Novice: 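Take a look at this one; I'll ask things after.
Naming: A, B, ... by sequence-line order, numbering from 1 per chain. The model shown is predicted, which means the values in this text are computed figures rather than measured ones.
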Amino acid sequence: MTLLGRLSLEALPFYSWVAMGGAVVTLLAVLLPVLFLSYKRLWPWLWREWLTSVDHKKIGVMYIVLALAMLVRGFIDAIMMRAQQAIALNNEGYLPPEHFEQIFTSHGTIMIFFMAMPFLTGLINIIVPLQIGARDVAFPFLNSVSLWLTAAGAGLVATSLVIGRFSTAGWTGYPPYSGIQYSPGVGVDYWIWALMVSGVGSTLTGINFIVTILRCRAPGMTLMKMPLFVWTTLCTSLLIAFAFPALTVVAAMLGLDRTLGMHFFTNELGGNMMNFANLLWIWGHPEVYILILPAFGIYSEVTATFARKPLFGYRSLVYATAVIALLSFTVWLHHFFTMGSSASVNAVFGIATMVIAVPTGVKIFDWLFTLFRGQITFHPALLFTIGFIVTFVIGGMTGVLLAIPPVDYQMHNTTFLVAHFHNMLIPGALFGYLAGMQYWFPKAFGFTLNQRWGKWIFWLWTIGFYLAFMPLYLVGLLGMPRRLEQYTTPEWQPYLIVAFIGACFVLAGLCAIFIQLWVSVREREQNRDTTGDPWDGRTLEWYTSSPPAPYNFASIPKGDERDAFWQMKQTRMAYRFTQPSSIILPANTGMGVLLGVSGGILGFAMVWHIWWLALLALISIIALVVVRSSREERVSIYQPELIQSLEKPWQTSLAQAGLIGDGDPI
Amino acid sequence: MTGIENLLLEHQQEELTNRELGFWLYLMTDAIIFALLFATYVVMFSNTAGGTEPAQLFDLSHVGWETTCLLLSSTSFGLAWLAVQADKRQTAVLWLVVTCLLGVSFLGLEIKEFVDLINQQATPQRSGYLSAFFTLVATHGLHVSIGLLGILVMIGQLIMEGRTAPVISRLFRLGLFWHFLDIIWIGIFSVVYLPVFIR
Ligand code: HEM
Ligand SMILES: [Cu+2]
């Protein structure tokens, strides 16, 4: 036993050129921003205004920055795999098998945990408190802790590129392969600790938003008057709170097997690996809906706004969401139909799975009927929504196919499945997040995104998606297994080349996202959102300035009606301001960052068996929590004069736009 | 400035009620963790792999003492809570100290049980069954340790800060946690120990 545990110089990635390249790129991606910030002397500003912030809007923005960085990272993995498979007919391609395995594992892990989860959490953070007319979330400090734990998890995955290796066991990490006997390195431990650290963050987020939505709504906003995005957030948060404990348990057990030599999932001495499959998917299937429900909420908001109509079948959308959330706990076995359950058990779970198509179908029709005879504006956000509706139906139908156990026996583990779940995750979830970004960006930053580039993003991603994944359905039907590093069947290659071309379109789409940001920032003066309501919106987030003041609303709006803000505008009751009174907000604190850093160090130390460091990190976590709970909470107070001066510019613009007519301004 | 003071009070009130709901939700997530550990234990019950059988492992009187300590500690926590309600700070601190001692005794007994088992070669590495047993019971024990730390902190806060609203609210939540652990223990007693003795 040494001071550094298993850590030695051998951990550096000198084993392959590609791995070294990855390490160098990762280091540069960290170093360049650090150098830039130091050169511009921006650290104090960053620390004061952002890192220590407990403001839900800033936390949301930081989540999305993390998500976009991870989208790039996850996509680099994806296109590397597509390039490998496009050329690896009867040859090794350019990636050795071990490295290819690391890449599909990190791609899956990163896309789910560190791209999709932060993206949706970020959007929820920015918008939900505004939509329910709240000043902040119920637990602002906990919110900051969640963010930094998520970032710590992402940090662990990124570290594995430079120090040591990542898991080769796929994003699901099935034992016994992921056990210590077959995966003796540090890779699986990185995977376990990244999941556990960020999983705690997600659980806290779930609890936070349940309480926020149940307890912090504007007066008059009963549950059935909440915007649909709030409803889907509530269901997602409940799913998080119920499902993530299972992930924690299963990851911890695998960790105990690996680190302490226990036998939960091993081949010998009474281990039972089926228990892993059960526990993992008891979390894993609800997770799919955790990712997708918020996107459904975004599509609903976008559809109503850009069709200028109230949502068709609001109640049915709410009930469909709730039913989907409930059913999502009853279908987990469909992920292992082929692993030895009896035919009748398989049949029950197959039927339960098909039943989910019913509420989902209800939603599709609701969106279509909302669009029907609406006054439609083809904003990029609506394009994404329409692209989603069309494409998602294909994914849904292939899902129902896979839910038939005998069919699954044919298709499981082929690229047909890969095509199916990407069909759900990209048009289903990611398009929703991108739509949300196009739609709500002005609320967060005060200027709109360039719509021409927005349309480019949409078309490139959509064409890219079809080209990259439709061939996978076909080549899956031809029998190509997933996770294949090289192959000897010439008939597969044309499909894989088309898939690679599709990935190139997606690459262009990814670049377009950043070009759009660049162009929009440059043209921000022309595209200022001075009224806070650029799309003639319906819900309360548009009834405040863009970006909103730290306290969101100078006086809390009423939520008596569904589409509360739209109703106010119709009855000319909007923008009637009263004298504000003082407002109390929690003060910023660096504790969240410190807890995140400690969590990351704990994970790193456990991965490398550096026990003293792990103990130190644990003590620091305990100390931080004790100190935090023993100290008087610090707050900042906004006096009426300050509020008035903060509100002045917005009210002036409203007056100039002729919106404040009949009420009298302050 | 009474306006501001009222506002601060209101802010605090709201925050504390939110925390109560949040804490109930946290307990729910913790309950799920235990539920899954229980399920795993049941699934692994016969996976002893030729090692020690459950029936040979446990000693009824030992478990009886553990249970007594923990149940009494819940009672003394309840008495501490009543004392706080009745504005008797010293009594409250006293009962918390008693709770702490009972909790420490429970932990001591549990550790002794574990050490004895390990000395009989019944280690968590011996079989899937024993892995599940140790993990379930030790997770409960870990929670008790965290609870003890919480009680120490609350004793400190009661002495230093007195009966302020945040302190009372924290004590209430700690109480929920402590009684929750009691309920989990009753689960462990019924699922892990009782079936073996009945047989
Ligand atoms: C942006 C375009 C994307 C491309 C080109 C792409 C490509 C790929 C490829 C080539 C694989 C390996 C397939 C195989 O095993 O043969 C894969 C696996 C996977 N992808 Fe993607 N992907 C993309 C986006 C996403 C997104 C957005 C998500 C999630 C939100 C995602 C989640 C996954 C998961 C979970 C796996 C399985 C990993 C494993 O086998 O363990 N992907 N993807
Ligand atoms: Cu599923």
Side-chain angles (χ1 to χ4, degrees), chain A residues 135 137-140 142 200 203-204 206-208 210-212 214-216 237-238 240-246 248-250 252-253 256-257 260-266 268-272 274-275 278-279 282-283 581-586 622 625-627 629-630 632-633 635 637 639-640, chain B residues 1 3-4 6-8 10-12 14-15 17-26 28-37 39-40 43-51 123-132 134-135 138-139 146 149-150 152-154 156-157 160-161 164 166-167 170:
Chain A
R135 295 252 137 88
V137 294
F139 309 117
L142 214 58
V200 173
T203 312
L204 295 179
I207 293 176
N208 207 341
I210 298 174
V211 179
T212 305
L214 291 184
R215 296 219 9 117
C216 308
S237 306
L238 284 165
I240 291 179
F242 275 99
F244 265 78
T248 309
V249 167
V250 73
M253 285 178 179
L256 287 170
D257 271 8
L260 296 185
M262 294 199 190
H263 293 284
F264 282 107
F265 312 125
T266 53
E268 72 283 317
L269 292 180
N272 178 353
M274 276 317 295
N275 203 26
N278 276 302
L279 289 173
I282 285 174
W283 160 79
S581 50
S582 305
I583 295 173
I584 292 180
L585 289 180
I622 294 172
V625 174
V626 169
V627 168
S629 72
S630 304
E632 183 86 16
E633 201 196 346
V635 294
I637 298 172
Q639 305 280 8
Chain B
M1 290 314 274
I4 291 287
N6 274 337
L7 211 62
L8 277 170
E10 222 173 83
H11 174 79
Q12 191 181 55
E14 203 178 302
E15 194 129 280
T17 355
N18 284 348
R19 280 185 197 173
E20 257 165 48
L21 178 57
F23 200 78
W24 277 108
L25 288 167
Y26 153 71
M28 189 202 70
T29 63
D30 224 8
I32 296 173
I33 289 187
F34 278 109
L36 294 172
L37 289 176
T40 306
V43 169
M44 302 292 255
F45 190 74
S46 48
N47 296 11
T48 47
T123 64
Q125 289 84 6
R126 179 58 190 81
S127 69
Y129 165 72
L130 284 166
S131 304
F134 275 96
T135 305
T139 304
I146 295 171
L149 193 72
L152 289 180
V153 172
M154 287 321 298
Q157 290 190 8
M160 308 289 284
E161 296 173 31
T164 62
V167 169
R170 273 177 217 136

Novice: Rounded to the nearest 0.5 Å, what separates atom OG1 in B/Thr17 from atom CZ in A/Arg215?
Specialist: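 Output value for this atom pair is 4.5 Å.
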Novice: Between A/Phe242 and chain B, with a heavy-atom cut-off of 4.5 Å, which part of the residue counts as in contact: side chain, backbone, both or neither?
Specialist: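 Contact with chain B: backbone and side chain both.
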Novice: Please flag which part of A/Leu142 lies under 4.5 Å from any non-hydrogen atom of chain B: side chain, backbone, both or neither.
Specialist: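 The answer is neither part of A/Leu142.
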Novice: Taking side chain as C-beta onward, heavy atoms only, is A/Asn278 less than 4.5 Å from B/Val43?
Specialist: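 Side chain of A/Asn278 against side chain of B/Val43, heavy atoms only: no contact under 4.5 Å found.
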Novice: Out of A/Pro586, A/Gly271, A/Ser582, which one racks up the most heavy-atom pairs below 4.5 Å with chain B?
Specialist: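 Counting heavy-atom pairs under 4.5 Å, the top option is A/Ser582.
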Novice: Which distance, rounded to the nearest 0.5 Å, do you find between the CD1 of A/Ile207 and the OG1 of B/Thr29?
Specialist: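 Between A/Ile207 CD1 and B/Thr29 OG1, I get 4.5 Å after rounding to 0.5 Å.
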Novice: Might you point out which heavy atoms bring A/Pro245 and B/Ile32 nearest each other, and give the distance in Å?
Specialist: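 That closest heavy-atom pairing would be CB-CG2, 3.9 Å.
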Novice: Would you name the heavy atoms of B/Thr135 and A/Met262 that are closest together and state the gap between them?
Specialist: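 The answer is OG1-SD, 3.7 Å.
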Novice: With a 4.5 angstrom heavy-atom cut-off, is it the side chain or the backbone of B/Met28 that approaches chain A, or both, or neither?
Specialist: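 For B/Met28, the contact with chain A is made by the side chain alone.
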Novice: Name the region of B/Pro166, side chain, backbone, both or neither, that has any atom closer than 4.5 Å to a heavy atom of chain A.
Specialist: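 B/Pro166 has no heavy atom closer than 4.5 Å to chain A.
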Novice: Considering non-hydrogen atoms only, spot the tightest contact between B/Gln125 and A/Gly261 and give its length.
Specialist: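 Of all heavy-atom pairs spanning B/Gln125 and A/Gly261, the closest is CG-O, 3.2 Å.
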Novice: For side-chain contact (heavy atoms from CB on, under 4.5 Å), just list the numbers for A/Met253 and B/Leu37, CA-CA rounded to whole Å, side-chain angles, deciding distance to a tenth of an Å, and then say yes or no.
Specialist: CA-CA 10 Å; A/Met253 285 178 179; B/Leu37 289 176; 3.5 Å; yes
Novice: State, with a plain yes or no, whether a side-chain heavy atom of A/Gln639 is found less than 4.5 Å away from one of B/Ile4.
Specialist: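 Yes, at least one pair of side-chain atoms sits under 4.5 Å.
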Novice: Chain B heavy atoms under 4.5 Å from A/Glu633: which part of the residue, side chain, backbone, both or neither?
Specialist: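 Side chain only.
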Novice: Please classify the contact of A/Ser629 with chain B as side chain, backbone, both or neither, using a heavy-atom distance under 4.5 Å.
Specialist: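 Contact with chain B: backbone and side chain both.
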Novice: Can you measure from CD1 (B/Ile33) to OG1 (A/Thr203) and round to the nearest 0.5 angstrom?
Specialist: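 The distance works out to 7.5 Å.
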Novice: Relative to chain A, which segment of B/Glu10 carries a heavy atom at a distance below 4.5 Å: side chain, backbone, both, or neither?
Specialist: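 Looking at B/Glu10, nothing touches chain A.
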Novice: Hey, does the side chain of B/Ser131 reach the backbone of A/His263 with a donor-acceptor pair shorter than 3.5 angstrom?
Specialist: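 Here the side-chain-to-backbone pair exists.
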Novice: So which heavy atom on B/Met44 is nearest to which on A/Phe264, and how close?
Specialist: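 The pair with the smallest heavy-atom distance is CE-O, 3.5 Å.
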Novice: Considering only heavy atoms, which portion of B/Leu8 lies under 4.5 Å from any heavy atom of chain A: side chain, backbone, both, or neither?
Specialist: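 Both parts, backbone and side chain.
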Novice: Under a 4.5 Å heavy-atom cut-off, does chain B meet the side chain of A/Ser630, its backbone, both or neither?
Specialist: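 Backbone plus side chain of A/Ser630, per the 4.5 Å heavy-atom cut-off to chain B.
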Novice: What are the two closest non-hydrogen atoms of A/Ala246 and B/Leu36, and how far apart are they?
Specialist: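 Minimum heavy-atom separation between A/Ala246 and B/Leu36: CA-CD1, 3.4 Å.
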Novice: Below 4.5 Å from any heavy atom of chain B, which atoms of A/Leu260 appear? Answer side chain, backbone, both or neither.
Specialist: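 A/Leu260 touches chain B through backbone and side-chain heavy atoms alike.
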Novice: Provide the closest heavy-atom pair for B/Ala49 versus A/Gly270 in the form atom of the first, atom of the second, distance.
Specialist: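 For B/Ala49 and A/Gly270, the tightest heavy-atom pair comes out as CB-N, 3.9 Å.
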Novice: Can you tell me how far apart CG (B/Asn18) and OG1 (A/Thr212) are? Round to the nearest 0.5 Å.
Specialist: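 Rounded to the nearest 0.5 Å, the CG-OG1 separation comes out at 7.5 Å.
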Novice: Below 4.5 Å from any heavy atom of chain B, which atoms of A/Leu256 appear? Answer side chain, backbone, both or neither.
Specialist: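 Side chain only.
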Novice: Relative to chain B, which segment of A/Ile584 carries a heavy atom at a distance below 4.5 Å: side chain, backbone, both, or neither?
Specialist: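 Both backbone and side chain of A/Ile584 come within 4.5 Å of chain B.
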